[in-house]
Every structure is written in structure tokens, then in C-alpha cells.
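Here the structure comes first, spelled out in C-alpha cells, and everything after it is commentary.
The structure presented is a predicted model; accordingly, all values stated were derived computationally and were not measured. In what follows, chains carry the letters A, B, and so on, assigned in the order in which the sequence lines appear, proteins first and then strands, with residues in each chain numbered from 1.
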Protein chains: 2
Amino acid sequence: MTTGPRQRTRQQHDEIARYLRTAIREGSFQPGDELPSEAELTRKFSSSRGPVRQAMSALRGEGLISSGRGRRTVVLDNVLTQSFDDVISFSQWCHASDIVPGQITQRVAREPAEKSLAASLRISDGDPIVSVFRLRLMDDVPAMVERLNYPLEFGRHVLAFDTDSGSIYQELIEQGVDINRASRTIDAVGANDDDARLLEVPVGTPLLRVRRRAFTTTGDVIESSDDRYLPWKASFTMNSTRGNPSSMSLISGT
Amino acid sequence: MTTGPRQRTRQQHDEIARYLRTAIREGSFQPGDELPSEAELTRKFSSSRGPVRQAMSALRGEGLISSGRGRRTVVLDNVLTQSFDDVISFSQWCHASDIVPGQITQRVAREPAEKSLAASLRISDGDPIVSVFRLRLMDDVPAMVERLNYPLEFGRHVLAFDTDSGSIYQELIEQGVDINRASRTIDAVGANDDDARLLEVPVGTPLLRVRRRAFTTTGDVIESSDDRYLPWKASFTMNSTRGNPSSMSLISGT
DNA sequence: GCTGAGGATATGTATGTACAAGTTTGATGT
DNA sequence: ACATCAAACTTGTACATACATATCCTCAGC
């Protein structure tokens, strides 16, 4: 007996949450609108209040809705958000959000590293790297451009992989690369010529840039990447509590 | 109407969560240790499983613990980076980075809340709010425009404060407002006319936008704000580790 | 037309019960 | 000594119920 099919019947609360997320995303419930009451959802899904409240709680945690004693639950002004702790893979995030991820590879190359990239990957200037340049889609609509750079040691797995077929992250995991830690820096940039063409927006359109470096347990750099999101397709949220500091920090530029 | 003392008996789940947070923080439960089982906590607090699971859910959402079917709940090694106070306050962040913060108030007003803002602050449409619009400086150079909105309950402290003199956050703390939790959403926008004029950049320049909502322990919304940074003056970084869990919150079924 | 009281309704909290689905543990048989 | 299996945990999910507490709406009274 192996792992068996990951078939797993979907839980009720999960199903309710997905229904609401989808309805909100597709505009069936606009920002400011009231969601159906818990009682209505209970009837609609032939469930009980528990699962309904679990779903609501999930959505509240994602910042999608706001609720309170006596008040109807309302939809907040929102775009999809990645929860900071589990942003690892674009594909994975899409699946969690019930979106179909897509990718159109623009370029895959094995080439010598230029100076700044070499420094970022902690290799020598001119050492070979594997670089990938892809347009990423959400439900077949352009959403992000992705520039990935790997030292050859890890990049060789990428060269042997069809980059149009899915998640590189998952492929690396399956190849036994132990991705242990990642560091992300978020800022804003204007779309350059390539970005603008692929994302179908004017040059200079504000994009949300996420630069990521991933490490093994031993501290070797696996990846140095630059993702640029259309800000109306994705944003980042994080929660912090007094006394329980968040892992995010604001860094001063030059 | 007598607003009455904000006395409010503490809820069981809140008390349990506080106990566990404190115990973890003070080292009674070390990273890797197992927490008491739900059954034990139920007995210890003479409660039922619902509140215990709500507390666990809160801690899981804060990334303090990890749990799963069949497995005991274990304490994670919490990565301390920047304290909550440093992240929430521009002034404190500047001081920590050895930068002189500055502010030039553009506008302070008491006005009725428009619809979306009212929803965000969880008050009624048209209820009075206090809004502040400031240009923030780093070493006397424009770096960020700040739009703050408070319900009157908290905003009255702001009205009585010289907004050119420093940190509103610190003032609120000193006035006894208990700022407990904050949620931030980060994305990118182009500079509008006001932004461009104050930051001395062309209209449309990409800015890093941070929308923040701050809450009291009881869940009341203190603030809903919109900060826009020049991306070459500030950015966000974040570290995550593979083992560490998502910040998805889930609440017990009960 | 406006105000205020009160009921209807909404979400938040708490308890009890039952079962599902993993993990750990220990007894048993070889 | 070792592998195997079953019992005894653990946490996850679900349902029924009750009450607390805040909001909204209706309608009587002025």
C-alpha cells in the first residue's frame, strides 16, 4: 500500500469557504455587500453552524470579510492576498485560492552569472547559472512576470524540466533539493518594456516586486528571483500581534 | 447613552490563549515541547473543548504552535526579528535605523466616514471619524505620505495632539489605547496628484502602499491607514522557514 | 415628522456529544 | 529480539442546543 490517492473528500467548511471566496472574487458579492447570514449558509449547504463559522473564520483571517456581534458580515475591499507565511510557490498559492495557475515560458538559459547576481547567489563572477523567465497566469489572465536564477548545482534540475508544465518549486522538492528557508523583499517598480508587453499594460505601470532568495539548511543559496505582480491581481497581507512580533521588517533604502 | 466601562469580562478562550502565550514567551514551554493536550487544558480551565480550540487556533494563526491529527501540539521556535512597535510606527522605525524622522501635516479633519472606510473601521456609514494626512520625512527628505483614519472614540486623542510634533502611535499608547494587533496589506500604486507633489516625483511614479488596520484586544478597530513609500526609500523584508506553518486562522467548530 | 421602546435577527461564546483520522504505545506471537 | 497488530491516545470535523450581546427595524406614541 502506497500513499494512496490524495482523493480525500473535501470537508464541508472548506467547501463553504471556497464557495464564498469564489463568489467574492467573481463579484457576486461586492465590497460593502452583506454575505448571507450564517443561518442561510447553514441551510444552503445542509450543514451546521460549526463548519459555516470555520469558513467565515478563514475568510476573516484572510482579510476578506468583517463581522461582529449583531452586525451582518460584510465583504471588505480586497484583492487576493498571499498570506505571508506560506508564500512559497505561485502554483501552490493559486490552488489554495481556487485559481488555475498558468505559465508561458519566455526564456530558459544556461549562462554565466553577471556580477550582482553572482553575489546574490554567493558564487563567483562568471560561474554558470540557470535562468528562467516566465509569464505567469491566473485563470488564463496575465498576472505576474517571474525571473528565476539558480546556481548550476540546482538549476540542472530545472533544465531537465518542462517549465511550461507547472511548478518548478515542486519539481525541486521532488528532486530532493531541501528548500529550508526563504527571504523576501517587497517593493514597487514601474513596468519595463518586457514587463509591460507581457502583462499588457503601459510601460511604467506600478508593479509589486518580490525578490526572493531561498536557502538550504546548510545555508547554500538555491535561488534568487524577481517576481513582479500586477497590484490588482495580488497583494500581501501580514498580521502581527503585540508581544508576538512578526517576522517582517521594514528596511531602509539607500 | 452610557458607553459604560470597557470592563468586559474576559472570555474563556482569550484567557486560555493568554496563559499559553505567556507560558511560551517566558519559556515554560520551550520550542519543540508539547503543549498540554486539549483534554488537559479543558480540565485545567474548567472549560470545554470549544474555547480551548479557539485559543489553539489563535496561537496557530500567530505561528506559535503547530498541530495536526493524531500529533500532539508542539511549540515552534519563534523567530524574533523586529518588535511590533518598531514595525507599526514610522518614527520608531526611523530611530531604530538611526534616521531622523519628520512630518509635515497637510490636513487634520473630523468628518463623516464614507461607506468603504466605515466598513473598514466597523462603524456605521456617516459616523464621525478623524482623518490625518501627513508627509513623512527621513533626514528631512520626503519619503512617505501617510493617510490615517480613526473612529472618533480614538481619534479624539489625535485631535488634541500636535500632529507636527511626532508619533501619533506613541501618543495613543500614552493615552491608554491598547493597540494589540495589526493587519497590513502591501501592494503598489502610482502616485496621484497629491502624492506626486509632496514626494516631488512625477504623477504615476510607482509607490509601495501599506494599508494597515489596528485593533484592540477586544477586536475594536483603532485605525485604518494608507501609507505610500517611495520604493527607493523603504521596502519590506520577510523570512520564512519551511517547517513553519501558515498564518491561516481557523476557529473551532463548537 | 420624529423619537423611543421593544422585538426580530445577527454574530459571538459555551457545552455536550459523536465520530473520523492520524500517531503512539504496548501487548502478543513468532 | 523483533515484527505485527490492536488498543488507547491525539487532534480534526460535525451536529444540536442554549444563551449572550450587539444591531436593525418596526411601530406606537407624541
Side-chain angles (χ1 to χ4, degrees), chain A residues 1 3-17 20 33-43 45-61 65-75, chain B residues 1-17 20 33-43 45-61 65-75 118-119 121-127 151 153 215-221 245-246 248-254:
Chain A
M1 190 275 302
T3 54
R6 188 46 61 109
Q7 185 61 31
R8 181 174 299 184
T9 305
R10 188 176 293 165
Q11 311 287 5
Q12 291 188 25
H13 69 86
D14 200 19
E15 195 165 343
I16 299 170
L20 291 174
D33 284 359
E34 292 176 349
L35 283 188
S37 73
E38 292 180 355
E40 289 176 75
L41 290 172
T42 296
R43 279 193 298 276
F45 289 90
S46 304
S47 182
S48 61
R49 242 187 117 192
V52 170
R53 286 184 59 74
Q54 278 186 72
M56 295 296 217
S57 173
L59 268 61
R60 206 172 24 240
I65 61 176
S66 161
S67 62
R69 266 197 169 106
R71 288 201 319 279
R72 293 295 297 267
T73 301
V74 296
V75 178
Chain B
M1 73 138 191
T2 65
T3 51
R6 192 42 65 112
Q7 183 63 30
R8 185 174 296 187
T9 306
R10 186 176 295 163
Q11 312 287 4
Q12 291 188 26
H13 68 86
D14 199 20
E15 194 163 344
I16 299 170
L20 291 174
D33 284 0
E34 292 177 349
L35 283 188
S37 72
E38 292 179 356
E40 288 176 76
L41 290 171
T42 297
R43 278 193 298 276
F45 288 91
S46 305
S47 182
S48 62
R49 236 187 125 193
V52 169
R53 285 184 60 74
Q54 278 186 69
M56 295 297 219
S57 174
L59 267 61
R60 200 168 36 241
I65 61 174
S66 161
S67 62
R69 266 198 170 105
R71 291 203 321 278
R72 293 296 296 265
T73 301
V74 297
V75 178
L121 290 173
R122 290 189 197 162
I123 58 178
S124 300
D125 198 351
D127 277 4
E153 176 186 1
F215 304 84
T216 64
T217 352
T218 54
D220 296 322
V221 181
S246 69
M248 294 297 220
S249 47
L250 249 191
I251 295 234
S252 80
T254 73

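The interatomic distance linking B:Glu38 (CD) with C:dA21 (C1') rounds to 14 Å, in whole Å. Computed from coordinates, the B:Phe45 CZ to C:dT13 C1' distance equals 17 Å when rounded to whole Å. Taking atom CE of A:Met56 as the reference point, atom C1' of C:dT13 lies 16 Å away to the nearest angstrom. As a whole-Å value, the separation of B:Ile123 CD1 from D:dC24 P is 12 Å. Here the C1' atom of nucleotide C:dT13 and the CG atom of B:Asp14 are 12 Å apart, to the nearest Å. We find that CZ of A:Arg71 is positioned 17 Å from C1' of D:dC25, with the value rounded to whole Å. Between the P atom of D:dC19 and the CD atom of B:Gln12 lies a distance of 17 Å, rounded to the nearest Å. Note: CZ (A:Arg72) to C1' (D:dC25) measures 13 Å, nearest angstrom.
In this structure, A:Ser57 contributes its side chain and A:Arg53 its backbone to no donor-acceptor pair below 3.5 Å.
Scanning for side-chain hydrogen bond (donor to acceptor under 3.5 Å, both in side chains) contacts around A:Thr73 gives an empty result, with sequence neighbours left out. Residues meeting the side-chain hydrogen bond (donor to acceptor under 3.5 Å, both in side chains) test with A:Glu34, sequence neighbours left out: none. For A:Ser37, the side-chain hydrogen bond (donor to acceptor under 3.5 Å, both in side chains) partners at least two apart in sequence or on another chain are A:Glu40.
Phosphate proximity of C:dG12 to A:Arg53: present, with a side-chain N or O under 4.0 Å from OP1 or OP2. Here B:Gln54 does not reach the OP1 or OP2 of C:dG12: none of its side-chain N or O atoms lies under 4.0 Å away. Within the 4.0 Å cut-off from OP1 or OP2 of D:dC15, at least one side-chain nitrogen or oxygen of A:Ser47 is found. OP1 or OP2 of D:dT10 has not a single side-chain nitrogen or oxygen of B:Thr73 nearer than 4.0 Å. Contact check, B:Ser67 against D:dT11: no side-chain N or O comes under 4.0 Å of OP1 or OP2. OP1 or OP2 of D:dA14 has at least one side-chain nitrogen or oxygen of A:Gln11 nearer than 4.0 Å.
Inter-residue side-chain proximity for A:Leu41 and A:Met56 is flagged as met; some heavy-atom pair is nearer than 4.5 Å. Counting heavy atoms from C-beta on, the side chains of B:Asp33 and B:Val74 never come closer than 4.5 Å. Residues B:Asp127 and B:Pro151 fail the side-chain proximity criterion, which asks for heavy atoms closer than 4.5 Å.
Between A:Ala55 and A:Ala17 the shortest heavy-atom distance is CB-N, 3.6 Å. Looking at every heavy atom in both residues, B:Pro51 comes nearest to B:His13 through O-CB, 3.4 Å.
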Under 3.5 Å between N/O atoms: give me all the protein pairs with nucleotides 25-27 of chain C, atom names plus distance.
none

Short heteroatom pairs, N/O only, protein and nucleotides 5-8 of chain D, under 3.5 Å:
none

Atom pairs under 3.5 Å: protein N/O with N/O of nucleotides 3-7 of chain C:
none

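When the nucleotides C:dA14, D:dC15, C:dT11 are ranked by their closest atom to the side chain of B:Pro51, C:dA14 comes out on top. Side-chain proximity of A:His13 to the nucleotides D:dA14, C:dT15, C:dA20 is greatest for D:dA14. For A:Arg69, the listed nucleotide lying nearest its side chain is C:dG12; candidates were D:dC15, C:dG12, D:dT13.
Judged by closest nucleotide on DNA chain D, B:Glu40 is the one of B:Glu40 and B:Ser124 placed further toward the 5' end.
Taken from OG in B:Ser47 to CD in B:Glu15, the straight-line distance is 9.5 Å, to the nearest 0.5 Å. Interatomic distance, CD of B:Glu38 versus CD1 of B:Ile16, reported as 10.5 Å (0.5 Å rounding).
A:Arg60 and A:Ser67 share a donor-acceptor pair across their side chains, judged by distance under 3.5 Å alone. Residues B:Arg122 and A:Ser66 have side chains that bring a donor and an acceptor to within less than 3.5 angstrom of each other.
For a distance-only test at 3.5 Å, the side chain of B:Arg49 qualifies as a donor-acceptor partner of the base of D:dG12.
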